[in-house]
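Single-structure report; data block below.
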Amino acid sequence: MFLCTVYKGFPVYKMSPNMMKTPLPLLTEELVENVQVSKETKTVKKSWKNLWCYFGDEDLKWKNIMVLTSIHLFFLYSVYHILIVKKLYYMLFFFYIPYGYVGAFGVTAGAHRYYTHKCYKVKLPLKIFLVMAHASAGMNSMFHWVRDHRIHHKFTDTEADPHNASRGFFFSHVGWLMVKKNAAVIREGRKVDMRDVLEDPVVQFQEKHFGLLSLMLCHVIPILIPWYFWNYELWDCFCMNMIKWVYLINGVWAVNSAAHIWGTKPYDKNILPTENKWVSFIAIGEGWHNYHHTFPWDYKAAELSWWLNVTGVFLNIFAALGWVYDLKTPSQELIERVVKSRGDGSRLVWGKEVPETEEKQSID
Ligand SMILES: [Zn+2]
Ligand SMILES: [Zn+2]
């Protein structure tokens, strides 16, 4: 299911009977108010043992294990070859990194904030750009990405969560792609309402041609452009593209792993997701994850739209241009009530921690 797997037929999903039954569990402000904090969560102990993973008794996906291991070994070689031997900083930083950002926007603004959570509405040209950008990231197709992420939010860090962080860093980061999904994940995956995604013609196009699109946009085109136009060696382009790709996918995976283990919990201390500025830096604004799991419909995926939140800035710019509209965000009053009743007292405002007394004064 990972990488450039050739899609085996869009109608398969249309035939699946269970997907149409349960309405999408989109949280509203009222629902957040009423959420009981008694939800069972397992605490991840900060021990070295947790840096590995609990694989359970799921069957291993040997093809994925081999591909994932190979690309990471090749990434290490590529860093050495490009940065130390060839010193091709210019092309890496002025072509491949920006190209990687395009793919990242497809994941964060497109797959995550638009398709999974419906945080805003978008005009067709930008929607097409986001869906194609998502294909260029070299991850799962839009349909699989959104379905997995909706289950993740509904069953966060429990057995039915595809990348359950209760099973340790490695499992939630990449290990979950190395094993077959367990029965709970499959069962709940079939119940997720995906009608809005299935009916979207741009997603239908991506799904139908995903193997080819992903191969061309993630690998072939970015490798050939510097080779053809600027006479770089093909092998060097291949290595620089590998750095771009492996860095990008690890940045996104860090949201599922590091931002569920390390960091503060100013909005809900009873869940595993955390506020992690390093993940926000790497994953262009997706590391404010305690906030995001508390207010998943907020287009900012963070309290602040600009602080270590490149995707928030991206959406603000397109909102100013009128290409995105109807952006959802909770009221300041609701945020402050939730912080006060459920937070661990570590809220950040303007990038700095708010002392308890100062916060209380601002609420009163
Ligand atoms: Zn999460
Ligand atoms: Zn989310």
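Here, residue 1 is the first one in the sequence, and each next residue gets the next number.
The main-chain N or O of Phe169 is never found under 3.5 Å from a side-chain atom of Ser257 such that the two would form a donor-acceptor pair. Under a 3.5 Å cut-off, the side chain of Lys61 and the backbone N or O of Leu177 do not form any donor-acceptor pair. With Thr274 contributing its side chain and Thr264 its backbone, the two residues share no donor-acceptor pair below 3.5 Å. The main-chain N or O of Asp193 is found under 3.5 Å from a side-chain atom of Arg150 such that the two form a donor-acceptor pair. Distance alone, capped at 3.5 Å, places no donor-acceptor pair between the Asn276 side chain and the Gly287 backbone. Between the Trp323 side chain and the Pro125 main chain, no donor and acceptor come within less than 3.5 Å of each other. Asn164 places a side-chain N or O within 3.5 Å of a backbone atom of Thr158 that can act as its donor or acceptor partner. Under a 3.5 Å cut-off, the side chain of Glu159 and the backbone N or O of Val185 do not form any donor-acceptor pair. In this structure a side-chain-to-backbone donor-acceptor pair under 3.5 Å is present from Ser166 to Asp157. Here the side chain of Gln206 pairs a donor or acceptor atom with the backbone of Met142 at under 3.5 angstrom.
Taking the side chain as every heavy atom from C-beta outward, Arg337 and Lys340 never approach each other to under 4.5 Å. Between Lys181 and Asp148 the shortest side-chain heavy-atom distance falls below 4.5 Å. Taking 4.5 Å as the limit, some side-chain heavy atom of Leu92 sits within range of a side-chain heavy atom of Leu83. Side-chain contact between Phe75 and Val79: present, with at least one pair of heavy atoms (C-beta onward) separated by less than 4.5 Å. Between Lys300 and Tyr291, some side-chain heavy-atom pair lies under the 4.5 Å cut-off. You'll find the side chain of Asp236 reaches within 4.5 Å of the side chain of His81, heavy atoms only. In this structure the side chain of Val174 never reaches within 4.5 angstrom of the side chain of Ile249, judged on heavy atoms. For the pair His260/Ser172, no side-chain contact is recorded, criterion being any heavy-atom separation below 4.5 Å from C-beta on.
Screening residues 88-109 for side-chain hydrogen bond (donor to acceptor under 3.5 Å, both in side chains), with sequence neighbours left out, gives Thr108-Thr311.
Aromatic pair Trp235/Phe238: ring centres closer than 6.0 Å.
Side chains of His293 and His152: a donor on one and an acceptor on the other come within 3.5 Å. Side-chain polar atoms of Tyr299 and Asn316 form a donor-acceptor pair below 3.5 angstrom. Side-chain atoms of Asp161 and Thr156 form no donor-acceptor pair, as typed in the model, at a separation below 3.5 Å. Between His117 and His153, the side chains place a donor N or O and an acceptor N or O closer than 3.5 Å (distance only, hydrogens not considered). For Asn250 and His72, the side-chain atoms include at least one donor-acceptor pair closer than 3.5 Å.
Trp307 and Val255 end up in different hydrophobic clusters when Ile, Leu, Val, Met, Phe, Trp and Tyr side chains are linked at under 4.5 Å. No chain of hydrophobic side-chain contacts below 4.5 Å, direct or via other Ile, Leu, Val, Met, Phe, Trp or Tyr residues, connects Val107 to Trp278.
Shown here is Trp230, whose CH2 atom has more than 12 heavy atoms of other residues, nucleotides or ligands within 6.0 Å. Other residues, nucleotides and ligands contribute over 12 non-hydrogen atoms within 6.0 Å of the NZ atom of Lys86. Residue Lys269 qualifies as enclosed at atom NZ: its count of foreign heavy atoms under 6.0 Å is above 12.
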Go through Val122 and Phe318 one step at a time and tell me if the side chain to side chain contact (heavy atoms under 4.5 Å, CB included) criterion holds. CA-CA 9 Å; Val122 60; Phe318 279 101; over 6 Å; no
Evaluate side chain to side chain contact (heavy atoms under 4.5 Å, CB included) for Glu303 paired with Tyr267, printing each intermediate quantity in order. CA-CA 10 Å; Glu303 187 169 348; Tyr267 305 96; 2.5 Å; yes
Step by step, would you call Trp245 with His219 a ring-ring contact (aromatic ring centres under 6.0 Å, His included)? CA-CA 9 Å; Trp245 182 41; His219 302 289; 4.6 Å; yes
Check step by step if side chain to side chain contact (heavy atoms under 4.5 Å, CB included) holds for Val279 and His289. CA-CA 9 Å; Val279 175; His289 212 48; over 6 Å; no
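Among Tyr114, Phe314, Phe129, the single residue meeting the ring pair (Phe, Tyr, Trp, His ring centres under 6.0 Å) criterion with Phe105 is Phe314.
Across all their heavy atoms, Trp253 and Leu68 have their closest contact at CH2-CD2, 3.7 Å.
Between Asp344 and Lys265 there is no salt bridge, since no side-chain N of the basic residue sits under 4.0 Å from a carboxylate O of the acidic one.
For the pair Lys118 and Tyr115, the cation-pi criterion (under 6.0 Å, within 45° of the ring axis) is not fulfilled.
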